[in-house]
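Have a look at the structure below, then the notes.
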Amino acid sequence: MDCVFCKIVTGEIPSKKLYEDEKVIAFYDIAPAAPVHFLVIPKVHELTGASDITEENSGIVAHIFAVIARLAREQGIESYRVVTNCGEQAGQTVRHLHFHVLAGGTLGAMA
Ligand code: 5GP
Ligand code: ZN
């Protein structure tokens, strides 16, 4: 699978990980768009993006949001933004579901 995030999951591409469990990993974005910028992704390459989410497979999304809330709390981050780009025109460059967590200052307008 020629997917940069799958390679991060296997360790083929190194990353600065801040969390890992059996289902997801969180690692810092290589090109941060805010003072704190990490990504949380499912380990399996099942969903290419938010448009693949269904009632049947959305459990992973709930888990990711719970992980994000816990990581933010543990790091003392009170204010943050969660973003998922879906589709090329929205800025999606990696077709493996991922959520950006941005924090560490006043964030600009959404779009
Ligand atoms: P997207 O543009 O698809 O919403 O988000 C993909 C993100 O992955 C971008 O913010 C980009 O900087 C990040 N990214 C791409 N390649 C790598 C990599 O090899 N390592 C890390 N840590 N982040 C990456
Ligand atoms: Zn992948």
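Because only heavy atoms are used, hydrogens play no part in the values below, and waters and symmetry mates are left out as well, while side chains stay in. Read the numbers this way: they start at 1 and go in the same order the structure lists the ligands and their atoms.
Follow the hydrophobic side-chain contacts under 4.5 Å out from Ile53 and you reach Ile64 in the same cluster.
Counting non-hydrogen atoms of neighbouring residues, nucleotides and ligands closer than 6.0 angstrom, the CD atom of Glu78 reaches no more than 12 such neighbours.
For His98 and Asn85, the side-chain atoms include no donor-acceptor pair closer than 3.5 Å.
Side chain of Glu46 to main chain of Asp52: no donor-acceptor pair is present (N/O by atom type, distance under 3.5 Å, no hydrogens or angles).
Below 30°, between 30° and 60°, or above 60°: for His100 and His37 the angle between ring planes is between 30° and 60°, a tilted geometry.
Under the 4.0 Å criterion applied to side-chain N and carboxylate O atoms, Lys7 and Asp2 are assigned as salt-bridge partners. Salt bridge status for Glu20 with Lys43: present, with a side-chain N to carboxylate O gap under 4.0 Å.
Residues satisfying the ring pair (Phe, Tyr, Trp, His ring centres under 6.0 Å) criterion with Tyr19, sequence neighbours excluded, are absent altogether. Tyr80 meets the ring pair (Phe, Tyr, Trp, His ring centres under 6.0 Å) test with no other residue; sequence neighbours excluded.
Here 4 is the count of protein N, O or S atoms positioned under 2.8 Å from the Zn ion (ligand 2), waters not counted.
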Can you list every pair where an N/O of ligand 1 is under 3.5 Å from an N/O on the protein?
{"unit_1": "ligand 1", "atom_1": "2 (O)", "unit_2": "Gly91", "atom_2": "O", "d": "2.8"}
{"unit_1": "ligand 1", "atom_1": "2 (O)", "unit_2": "Thr93", "atom_2": "N", "d": "3.3"}
{"unit_1": "ligand 1", "atom_1": "2 (O)", "unit_2": "Thr93", "atom_2": "OG1", "d": "2.8"}
{"unit_1": "ligand 1", "atom_1": "3 (O)", "unit_2": "Thr93", "atom_2": "N", "d": "2.7"}
{"unit_1": "ligand 1", "atom_1": "3 (O)", "unit_2": "Thr93", "atom_2": "OG1", "d": "3.2"}
{"unit_1": "ligand 1", "atom_1": "3 (O)", "unit_2": "Val94", "atom_2": "N", "d": "3.1"}
{"unit_1": "ligand 1", "atom_1": "3 (O)", "unit_2": "His98", "atom_2": "NE2", "d": "2.9"}
{"unit_1": "ligand 1", "atom_1": "4 (O)", "unit_2": "Asn85", "atom_2": "ND2", "d": "2.8"}
{"unit_1": "ligand 1", "atom_1": "4 (O)", "unit_2": "His98", "atom_2": "NE2", "d": "3.1"}
{"unit_1": "ligand 1", "atom_1": "4 (O)", "unit_2": "His100", "atom_2": "NE2", "d": "2.8"}
{"unit_1": "ligand 1", "atom_1": "5 (O)", "unit_2": "His98", "atom_2": "NE2", "d": "3.0"}
{"unit_1": "ligand 1", "atom_1": "5 (O)", "unit_2": "His100", "atom_2": "NE2", "d": "3.2"}
{"unit_1": "ligand 1", "atom_1": "10 (O)", "unit_2": "Asp29", "atom_2": "OD1", "d": "3.2"}
{"unit_1": "ligand 1", "atom_1": "10 (O)", "unit_2": "Asp29", "atom_2": "OD2", "d": "2.5"}
{"unit_1": "ligand 1", "atom_1": "12 (O)", "unit_2": "Asp29", "atom_2": "OD1", "d": "2.5"}
{"unit_1": "ligand 1", "atom_1": "22 (N)", "unit_2": "Tyr28", "atom_2": "O", "d": "2.9"}
{"unit_1": "ligand 1", "atom_1": "22 (N)", "unit_2": "Ile30", "atom_2": "N", "d": "3.4"}
{"unit_1": "ligand 1", "atom_1": "23 (N)", "unit_2": "Ile30", "atom_2": "N", "d": "3.3"}

